[in-house]
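Each chain gets a letter, A, B and so on, in the order its sequence line appears, and its residues count up from 1.
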Amino acid sequence: MAKKLLLIDGNSVAFRAFFALHNQLDRFVNADGLHTNAVYGFNTMLDHMIKAVEPTDMLVAFDAGKTTFRTAMFDNYKGGRAKTPSEFSEQMPYIEQLLDAYGIQHYKLKDYEADDIIGTLAGQADAAGYTTTIVTGDRDLTQLTTDQTTVAVTVKGVSEVERYTPEHVQEKLGITPTQIIDMKGLTGDTSDNYPGVTKVGEKTALKLLKEYGSIEGVYENVDAMKQSKMKEHLIEDHELATRAKVLATIKRDAPITVSVTDLEYKGPNIDQLAEFYQAMDFQSFLKKLKVANDEPAAPIDYTVLTKANLAELVQFKTAVEFYLEMPTANYHTSAFAGFAIGHEGHWFISRDVELLLQPAVAEILASETIQKNVFDMKRTIVGLNRLGLTLNAVDFDLLLVSYLLDTNDNSNDLGSLAEQHGYLDLPTDEEVYGKGVKRAIPDDDQLFFSHLARKLAAIAALHADLMKKLDENEQTPLYDDIEKPMAIVLAQMEIAGITVDSQTLQAMGSQFKERLSEIEQTIYHEAGQEFNINSPKQLGKILFEDMKLPVIKKTKTGYSTAVDVLEKLAPEAPIVANILQYRQISKIQSTYVVGLLDAIHSSDQKVHTRYLQTLTQTGRLSSVDPNLQNIPVRLEEGRKIRQAFVPSHEGWQIFSSDYSQIELRVLAHITHDKNLQAAFKEGDDIHAATAMRIFNLKSPEEVTPNIRRQAKAVNFGIVYGISDYGLSQNIGITRKQAKAFIDAYFQEYPGVKQYMTDVVAQAHEQGYVETISHRRRYLPDIHAKSFNQRSFAERTAMNTPIQGSAADIIKIAMINMQAKLKSAGLKATMLLQVHDELIFEAPKEEIPTLAKLVPAVMDSAVKLEVPLKVESHFGDTWYDAK
DNA sequence: ATACTCACG
DNA sequence: ACGTACGTGAGTATC
């Protein structure tokens with residue numbers, strides 16, 4: 001059998017694992033007080049790689065100690081590094097224990113680093129005809145890449161890797177694997193603390209290597225180079241470069257005492273591994289072991305509910321767990337598969353949802369005094385509503401609470417969510433029902449009923465613990481006063497739905513159809529051939545190969561044909577403008593005409609979206625089936641789609657109110673910046689005010705539309721967590737100019753600058769950022785070594801409190817609004833939310849009332865240090881509410 | 001299933 | 001020197 005060798009750079013991967021889970025350091029502590037995050041991450045990586053590679057042979061190499069032949073050569077090698085945290089060091093012996101339980105060999109060698117062991121073994125393996133995979137967090141090891149050896153470098157967390165083959169190295173770096181050491185020789189390595197040639201960075205080194213092949217090649221030709229600073233540096237730093245190359249070169253002949261022939265991997269010792277997991281408190285790995293070894297979940301007691309034993313439900317006087325099973329995601333249309341109700345181990349199950357209509361059940365659900373504990377209350381409310389039932393007094397919603405504790409816990413599966421919280425006695429729906437086309441509710445009563453009973457048991461088991469965590473995070477008010485009432489309001493909006501006039505849409509559709517085929521013919525004519533305009537691949541070939549237009553941007557797989565690219569190409573050939581036109585119309589046609597028509601319920605001519613309340617990382621809602629938060633508005637062509645959104649009664653109108661500049665107002669509030677606040681208090685045009693400040697203008701007359709546009713982009717950039725590059729791309733200026741704009745902005749708004757610094761620091765220290773309502777977002781990548789990942793996390797740290805607080809505010813407004821509509825006895829109905837905008841339908845005569853009431857409620861949702869501003873519109877269709 | 005493109009705030 | 005703006009969902013092509 002073909003030999004497959006898996007070599008792991010132990011220290012490097014352990015270190016990556018440690019930092020990948022650094023923000024959860026406190027959560028990864030076992031009963032003995034030992035930190036376990038690195039062990040856990042290491043295990044995750046092992047499982048992942050063993051599954052991906054299916055190795056026949058395996059070894060994990062470790063560094064032997066601080067001193068090596070490299071430190072002997074250069075005593076400052078790896079000097080100046082921050083001290084290894086003790087929380088990390090204490091875990092290393094346990095990683096070795098983990099490997100022993102897995103039956104994986106590990107090895108270290110005095111005076112050598114793990115790299116050298118790996119390099120030597122990989123060389124032996126190549127010679128012996130093995131296929132080898134090396135796993136590491138250190139990009140330098142890519143120098144070991146050959147036709148038989150792939151280097152997998154961890155990119156995000158520990159289980160996602162980038163696989164380097166010689167081709168990939170060439171593609172990514174533009175050099176061969178063996179040239180990597182020449183590159184390091186020229187540039188040096190700051191993290192290992194050795195210098196190369198002064199002022200030579202990656203770009204310069206690449207150029208030199210392209211021309212001369214290697215360091216040796218460079219120096220053979222250095223005399224012939226034309227006079228330059230670089231030439232001087234090269235000559236001056238010759239010795240440094242030579243030494244750097246040696247330091248960077250991984251040994252292929254380290255005096256190791258293991259041989260590639262004795263690394264056979266036979267698989268783990270299950271008992272030993274289970275014992276280890278127990279000691280580490282790794283519940284999820286324990287469960288995986290059990291599942292892999294086919295240990296069935298513990299049996300659970302339940303009672304089949306029938307008309308005959310309904311009376312037994314009177315025992316539930318204070319609280320019940322309740323679950324309504326609907327097999328498909330869209331609960332507006334899903335079938336009902338059954339339900340479960342009970343408390344404290346007394347679980348009652350039935351497939352017959354008609355039983356819910358019996359007073360014995362219906363009264364419990366509607367009771368204001370019996371607390372209900374559920375998973376996904378909004379889904380439950382809408383489902384029950386279809387049966388004519390009401391759900392009141394929800395106490396605990398496992399889905400909502402999990403999401404508030406950690407926005408990443410947004411799985412819609414109770415079993416996987418429970419597992420995340422350490423509850424292991426509930427399989428996932430996928431495990432019980434299957435997936436894809438095979439997914440089905442089991443015919444086997446025992447199987448299905450046990451699953452439902454286990455769902456209730458899971459909700460009950462996690463209730464107290466998660467509520468306590470919520471309280472520790474100071475998130476109880478966020479849950480009680482915002483998310484729970486929000487779920488009820490959203491359920492009402494979804495149930496209400498919005499009427500869509502299908503005739504209007506169909507008329508638009510046939511017009512678009514005609515125009516599309518006209519443009520299509522023109523494009524074929526201009527291209528000189530027929531092709532699929534909707535295929536970026538075929539289009540790319542036509543534009544950039546056949547018509548030889550200049551390539552402006554590439555995607556991973558080919559030429560980019562995105563709007564910004566095509567706009568640049570438009571002057572080159574008339575076909576480009578036609579393609580843009582075709583794209584625009586075909587988008588409207590497929591997504592908004594056809595897509596929306598498909599979503600109309602034939603029973604009431606309405607669309608009933610579902611708002612996902614536990615999905616976004618910032619606290620915003622999202623909308624699906626159909627998405628009503630991205631109906632066209634910017635371009636007139638598309639905006640006409642809104643003419644199809646009409647009131648559900650004769651004599652009614654559509655009314656909408658939106659917050660003006662809510663994110664910038666939130667920014668002014670949380671940064672306490674006096675200048676920004678002053679602009680809002682004065683009621684200034686905020687973009688013009690920013691323009692005057694950053695361009696140092698004396699009077700408002702000097703603010704031309706173009707200057708205002710640039711200032712507006714700067715304001716947006718600030719909200720997004722600004723970077724000079726991003727801003728320069730957005731408004732088509734140089735990076736240097738963009739940087740000058742940003743500097744000027746921070747000069748004028750020092751409070752904003754201070755905030756940006758503080759919030760990033762806070763993310764570093766606490767591992768998360770918060771909104772004004774204590775909504776929390778964890779940012780593990782804030783500690784990432786990769787510039788890219790870390791920068792992304794930093795921008796997110798700046799943006800999330802702003803975007804998230806704005807989301808909090810409109811949620812509060814919606815809850816207050818719904819209450820107000822009821823108390824005022826209005827017929828007006830809240831239908832939609834589009835992030836900073838609320839849309840209603842109402843009898844014409846109520847419009848003047850709404851015009852006062854809605855802005856009043858929205859303004860006063862929270863008290864900020866700056867006023868909120870609301871603008872309202874109304875008309876016969878959504879289009880006309882402008 | 002994934003990549004690309006494009007609609008919204 | 002690095003290489004991106006923040007947050008979403010859906011349709012289509014292509015594997």
Side-chain angles (χ1 to χ4, degrees), chain A residues 187 190 199-206 407 436 531-540 553-566 579-580 583-596 598-599 609-612 615-635 637-639 641-642 658-659 661-663 713-714 716-731 735 738 742 777 785-804 806-807 810 832-837:
Chain A
T187 61
T190 43
K199 294 275 181 206
V200 173
E202 208 176 298
K203 283 279 148 73
T204 317
L206 210 57
T407 48
F531 65 101
N532 186 346
I533 308 171
N534 287 317
S535 159
K537 197 176 167 187
Q538 294 182 34
L539 179 62
K553 201 166 73 180
K554 284 197 150 195
T555 66
K556 265 188 261 185
T557 49
Y559 311 108
S560 169
T561 65
V563 175
D564 56 320
V565 173
L566 295 189
I579 289 163
L580 283 167
R583 280 252 181 94
Q584 197 196 328
I585 296 174
S586 101
K587 172 78 178 180
I588 300 171
Q589 178 78 319
S590 62
T591 307
Y592 297 106
V593 177
V594 179
L596 216 47
D598 278 349
T609 188
R610 282 179 299 131
Y611 289 103
L612 305 186
L615 181 134
T616 70
Q617 296 299 307
T618 55
R620 275 190 175 180
L621 302 174
S622 84
S623 158
V624 293
D625 293 341
N627 180 358
L628 295 180
Q629 292 183 319
N630 71 345
I631 303 300
V633 68
R634 291 172 192 167
L635 300 175
E637 295 266 45
R639 190 175 196 152
I641 291 290
R642 295 180 174 223
D658 63 284
Y659 282 112
Q661 316 288 3
I662 189 165
E663 291 192 343
V714 174
F716 269 100
I718 295 290
V719 170
Y720 292 154
I722 197 137
S723 75
D724 50 11
Y725 181 86
L727 180 63
S728 72
Q729 288 298 300
N730 191 294
I731 50 178
R735 227 172 117 164
I742 295 165
R777 179 176 187 177
K785 208 173 155 188
S786 144
F787 175 89
N788 250 340
Q789 281 174 41
R790 198 176 57 250
S791 301
F792 197 171
E794 287 171 357
R795 291 198 296 275
T796 310
M798 299 184 236
N799 172 266
T800 296
I802 303 169
Q803 190 183 122
I810 195 165
L832 303 175
Q833 187 251 44
V834 191
H835 309 307
D836 63 356
E837 180 185 10

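- Note on A/Thr561: a side-chain N or O is less than 4.0 Å away from OP1 or OP2 of B/dT5.
- Between A/Lys203 and C/dC2 there is a side-chain N or O to OP1 or OP2 distance below 4.0 Å.
- One donor-acceptor pair, N or O on each side, does fall under 3.5 Å between the base of C/dA5 and the side chain of A/Asn730.
- Contact of A/Gln803 with C/dC6 (side chain to base): a donor-acceptor pair of N or O atoms is detected under 3.5 Å.
- Under the stacking definition used here (centres under 5.5 Å, planes under 30°), the residue A/Tyr725 qualifies as stacked on the base of C/dT4.
- An OP1 or OP2 oxygen of B/dG9 is reached within less than 4.0 angstrom by a side-chain nitrogen or oxygen of A/Arg634.
- Taking 4.0 angstrom as the limit, A/Ser622 places a side-chain polar atom (N or O) nearer than this to OP1 or OP2 of C/dG9.
- The side chain of A/Thr555 places an N or O atom within less than 4.0 Å of a non-bridging phosphate oxygen (OP1 or OP2) of B/dC4.
- Remark: ring of A/Tyr720 stacked against base of C/dC6; centroid gap under 5.5 Å, plane tilt under 30°.
- For C/dC6, one of the phosphate oxygens OP1 or OP2 lies less than 4.0 angstrom from a side-chain nitrogen or oxygen of A/Arg795.
- Between A/Lys537 and C/dC15 there is a side-chain polar atom (N or O) within less than 4.0 angstrom of OP1 or OP2.
- Residue side chain A/Ser590 does not reach the base of C/dT12 through any donor-acceptor N/O pair under 3.5 Å, judged by distance alone.
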